[in-house]
Every structure is written in structure tokens, then in C-alpha cells.
Amino acid sequence: MCAVKAPPSYGYAFVTAHRFLPSGPLTGRIRVPGDKSISHRALMFGALAVGRSRISGLLEGEDVLATAAALRAMGARIERSGDDWVVDGVGVGGLLQPEQALDMGNSGTSTRLLMGLVASHGITAAFTGDASLSKRPMGRVIDPLSTMGASFTPSPGGTLPLVMEGMQPAVPVTYRLPVASAQVKSAVLLAGLNTPGITTVLEPVPTRDHTERMLRGFGAELTVEEADGERIIRIHGPADLHPCDITVPGDPSSAAFFAVAASVVPGSDLVIENVGLNPTRDGIFRVLGQMGSDIEKLDEREVGGEPVADLRVRHAKLKGIKVDPAIAPSMIDEFPVLFVAAAMAEGTTVTSGLDELRVKESDRLFAMAAALMAAGVTLEEREDGLVITGSGGEPLRGTANARVATHLDHRIAMSMAVAGLASRHGVEIDDIEPIATSFPNFTALLDAAAS
């Protein structure tokens with residue numbers, strides 16, 4: 001069994017600027033890293049099971065490694081073994097008091113889901129993060145977890161660093177999500193794992209359902225039904241989770257960058273292998289299809305309870321559309337790269353209902369508007385979306401004498417890297433280090449596809 005990986009550093013002390021240059025066709029076959037959302041949950045549920053779980057295809061980005069480090073600090077044993085990861089869990093209710101603050105780096109998912117886990121355990125935990133994460137609101141998780149009995153001492157504005165004290169036994173609640181958020185839903189359900197009785201989440205707008213799928217796989221008593229247009233999710237606690245072997249499908253969010261790149265770079269014909277196509281996550285591919293992308297699903301199958309396929313993507317002439325805001329929850333993280341596709345399309349693309357993008361790792365509406373305008377794109381920034389006038393397939397001007405600010409946001413960096421491939425002069429971004437949080441081999445894979 002291999003030695004445990006050293007915990008990552010999150011300070012981004014070394015700023016690494018990089019210019020992404022115009023590219024030839026993207027061809028061949030590539031495989032993107034494992035799905036980040038599923039990787040987080042596989043580690044957490046394995047840590048709460050009694051026995052050993054084995055995970056293959058785990059994303060080894062800094063966000064997921066932050067989750068692993070935090071779970072180790074609370075008693076789970078997590079190690080890399082060959083190409084897989086093994087997790088020896090402590091059982092639901094068995095988390096231990098961490099001796100030091102839990103450093104979440106840049107990962108909002110790690111933070112909010114782990115707060116849910118701690119909420120129904122009789123332990124106290126301090127959460128810290130990098131400068132970007134420390135600006136992100138935690139009140140949307142603090143509110144429901146407080147009603148279950150947990151107490152919080154956050155920084156002003158409800159942000160990190162914060163200290164929380166769990167309650168054991170916690171109080172089961174019925175909670176209606178005020179905004180569509182898989183993280184908030186999951187935090188409440190995870191708190192419900194160690195709460196006597198039935199914890200219920202009412203979801204007016206469906207969000208990614210990896211938590212529900214995987215919890216059932218680990219043996220939790222969880223039901224999902226629909227009534228009056230809402231999803232009603234109930235979990236019975238305290239739960240006894242059994243260990244599982246998990247295969248993590250490729251991350252659709254990571255695949256989206258290559259799907260857009262192959263769509264906008266002339267002559268491209270690229271196969272992206274093993275892409276997870278959970279219907280709560282595949283909105284980007286549906287919207288690209290509406291814009292005219294040539295995306296073909298090959299070898300459709302099921303891996304670990306999740307629908308998967310290889311995607312063949314060929315260059316196509318895109319057209320601007322009005323994006324239905326109802327699709328936003330199924331592709332909220334993919335809008336930055338969709339904006340790049342819109343910049344290359346013929347006509348105007350209108351997006352709305354994207355208030356959530358204001359409170360991601362950065363204000364992604366502002367950051368992408370500024371970055372695309374610096375690269376020569378005509379657009380209008382609105383309160384809840386962007387209106388982008390496309391180039392009709394002509395290369396973007398690029399940033400000959402400017403540098404795009406990514407605001408320590410990995411998705412801004414990768415999206416503008418794709419824009420650089422479809423530009424005349426390339427696009428220089430101020431720092432590529434944050435890309436490692438979710439997609440450590442992004443630039444190498446991009447170079448390989450374009451070579």
C-alpha cells in the first residue's frame with residue numbers, strides 16, 4: 001500500500017501566468033479526471049461506513065484531497081493503494097474531535113458537506129480556507145443545521161473561518177430549500193444520517209442527485225418522491241452504512257471544457273471517454289446541442305449507478321440561443337465555458353437566472369464578462385446573466401497586450417484557456433495554479449489533444 005499523500009498547500013504563493021495560444025484541431029481520444037462531486041461523496045460515505053471501501057477513478061485534485069485530509073483528522077483511514085484509494089471508515093456517529101482546524105483550501109463542497117457531517121456529531125470543529133473560499137457565504141448551510149441543533153461562530157458575514165459545535169442527538173427537521181443548491185441539500189441529508197428519526201428536504205427545483213444515489217448504495221434508508229412539483233427526500237437515522245467499492249465516472253464539468261474547445265476549433269474530432277451523464281448534471285451538453293454542437297454519445301452504459309458514455313465531439317457552426325434559466329441547476333458550474341461557446345457562435349446568446357454565479361469561487365459573471373471583453377468579445381453584463389454577441393465562428397482577437405484576471409478561480413482560468421485556442425493572438429491568464437484544485441492535468445491534456 002502506498003504512503004499517504006502529503007496534504008496540499010493552498011496559499012497560491014507562486015503565481016504562474018500562462019498564455020494559451022491558437023490551436024490546431026483537437027483530435028484523438030482523451031479521458032478526463034474523475035467526477036469531483038462523486039469523489040467528495042465517495043470519501044465521506046466510505047469514512048462513515050463500518051469496514052473498508054475501495055474507490056477507483058478518484059479525482060486527485062486539491063479540493064478532493066482537502067476532503068480526505070479533513071476525514072483523516074476525524075478518525076478515518078484513507079490511503080492510496082496502487083491506482084485506487086481505500087477508506088477504512090469509523091461508522092456513522094464515530095467521527096472524532098479534530099485536533100487542529102480543518103483547512104478546506106478552495107473547496108466549498110468540502111466545507112458545506114463536512115459541516116453537515118459534523119452537525120449531528122458531538123464534536124467541535126474549526127473550518128478555514130484560502131482567500132477565495134473565505135469570501136463565500138456559509139449562511140445557507142448554517143441556517144438549516146442550526147435548526148437541527150448545531151451552533152456556529154462564523155466570521156462577520158457568515159464566512160470562514162468559523163467554529164461549529166455539533167449536537168448529538170440532533171433534531172430531525174423538514175427543510176425546504178430557498179435556493180437550488182445540491183450542497184445545502186446534501187449537508188442536511190448528511191446531518192440526518194446520525195439524527196434519530198426522519199430528516200426531510202423539500203426541493204422545489206431538482207439539483208444533482210449524487211448524494212441520494214450513493215447513500216442508497218451505501219445502505220442508507222432514503223426515499224425520493226415527487227408531489228406538487230417538488231422532490232421530497234427523506235432519510236432515516238441513525239443509519240448504518242456498509243462499505244462499497246465505487247468507480248468514479250469522468251467529470252462532466254471537466255469534459256465540458258474539451259467539448260466546447262472541439263466545437264469551436266475548426267477541424268476538431270475528439271472522443272472524450274467515460275463521461276458521467278447524470279441527468280441532473282448534463283445540462284451543458286443539452287445546451288450545446290441546442291446551439292448546434294456535433295456531440296455523439298458512444299457506448300452508453302452505467303458505472304457505479306451513474307449513466308456514462310464516451311462523447312465524440314466534432315467542430316460545428318454554433319448559433320446563439322436564449323438559454324432557459326430552468327436548466328441552470330444542471331450546469332451551474334459550466335456556464336463560464338458556455339460563455340466561450342457563445343462568444344464563438346453566430347448571433348446573440350442570452351443567459352439569465354444565474355445569480356448563483358455571483359457567489360462561487362469568484363463573481364463568475366463579472367469575472368467572465370471582464371475576461372471575454374479583454375479578449376475582444378462584445379457583451380452586456382446583467383444582474384443575473386450575460387448577453388453575448390458571437391463572432392460567427394471568426395477567431396476572437398485575444399489578449400495581445402493584456403492579462404486576464406482569474407480571481408483564483410479554476411473555472412475562469414480553464415474557460416479562458418479554451419478561448420485562447422480559438423483566438424488570433426492567444427489569451428494570457430494571470431495564474432494557472434488554481435486549476436490544480438479540480439483538474440491537475442488540464443494543460444497537459446489540452447496540449448495532447450491539440451498536438
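This chain uses plain numbering: 1 for the first residue, then up along the sequence.
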Does [Y] offer a backbone N or O that forms a donor-acceptor pair with the side chain of [X] under 3.5 Å?
X      : Y      : answer
Thr399 : Glu428 : yes
Thr437 : Pro434 : yes
Asp324 : Ile327 : no
Ser134 : Asp130 : yes
Ser23  : Leu421 : no
Ser53  : Cys244 : yes
Ser120 : Ala191 : yes
Thr247 : Ser56  : no
Arg80  : Gly82  : yes

Is it true that the side chains of [X] and [Y] contain a donor and an acceptor less than 3.5 Å apart?
X      : Y      : answer
Ser330 : Thr280 : no
Ser37  : Arg208 : yes
Ser110 : Thr67  : yes
Lys185 : Thr207 : yes
Glu433 : Thr16  : yes
Ser438 : Asp63  : no

Charged N to carboxylate O below 4.0 Å: is that the case for [X] and [Y]?
X      : Y      : value
Glu203 : Arg176 : no
Arg358 : Asp363 : yes
Glu212 : Arg234 : no
Glu361 : Arg411 : no
Lys36  : Asp251 : no
Arg364 : Asp333 : yes

Spacing of [X] atom [atom1] and [Y] atom [atom2] [to the nearest 0.5 Å]:
X      : Y      : atom1 : atom2 : value
Leu48  : Leu190 : CG    : CG    : 7.5 Å
Leu43  : Ile55  : CG    : CD1   : 4.5 Å
Phe258 : Arg31  : CZ    : CZ    : 14.0 Å
Leu241 : Met214 : CG    : CE    : 11.5 Å
Glu60  : Trp85  : CD    : CH2   : 5.5 Å
Leu379 : Met373 : CG    : CE    : 5.0 Å

**Residues in ring pair (Phe, Tyr, Trp, His ring centres under 6.0 Å) contact with His236, at least two apart in sequence or another chain** = none
Within-4.5 Å side-chain heavy-atom neighbours: [X] and [Y]:
X      : Y      : value
Val32  : Phe439 : yes
Glu221 : Ile235 : no
Leu145 : Asp143 : no

**Asked** By side chain to side chain contact (heavy atoms under 4.5 Å, CB included), which residues pair with Glu380, not counting sequence neighbours?
**Response** Arg382, Val387
**Asked** Checking side-chain contact (heavy atoms from CB on, under 4.5 Å) for the pair Phe45/Leu215: CA distance, chi angles, key distance, verdict?
**Response** CA-CA 7 Å; Phe45 303 158; Leu215 277 177; 3.8 Å; yes
**Message:** Please determine whether the number of non-hydrogen atoms from other residues, nucleotides or ligands lying under 6.0 Å from atom CG of Asp245 exceeds 12.
**Reply:** yes
Return a table of donor-acceptor pairs under 3.5 angstrom between the side chains of residues 306-320 and protein atoms on other chains or two or more places apart.
residue: Glu306; atom: OE1; partner: Asn278; partner atom: ND2; Å: 2.9
residue: Glu306; atom: OE2; partner: His210; partner atom: ND1; Å: 3.0
residue: Asp310; atom: OD1; partner: Asn274; partner atom: N; Å: 2.8
residue: Asp310; atom: OD1; partner: Arg301; partner atom: NH2; Å: 3.2
residue: Arg312; atom: NE; partner: Asp269; partner atom: OD1; Å: 2.9
residue: Arg312; atom: NH2; partner: Asp269; partner atom: OD2; Å: 2.7
residue: Arg314; atom: NE; partner: Asp294; partner atom: OD2; Å: 3.4
residue: Arg314; atom: NH2; partner: Glu296; partner atom: OE1; Å: 3.4
residue: Lys317; atom: NZ; partner: Glu346; partner atom: OE1; Å: 3.4
residue: Lys319; atom: NZ; partner: Gln290; partner atom: O; Å: 2.8

**Asked** Between Glu356 and Arg140, is a salt bridge (Lys or Arg N to Asp or Glu O under 4.0 Å) present by the stated rule, with each step listed?
**Response** CA-CA 12 Å; Glu356 179 73 7; Arg140 60 181 58 180; 2.9 Å; yes
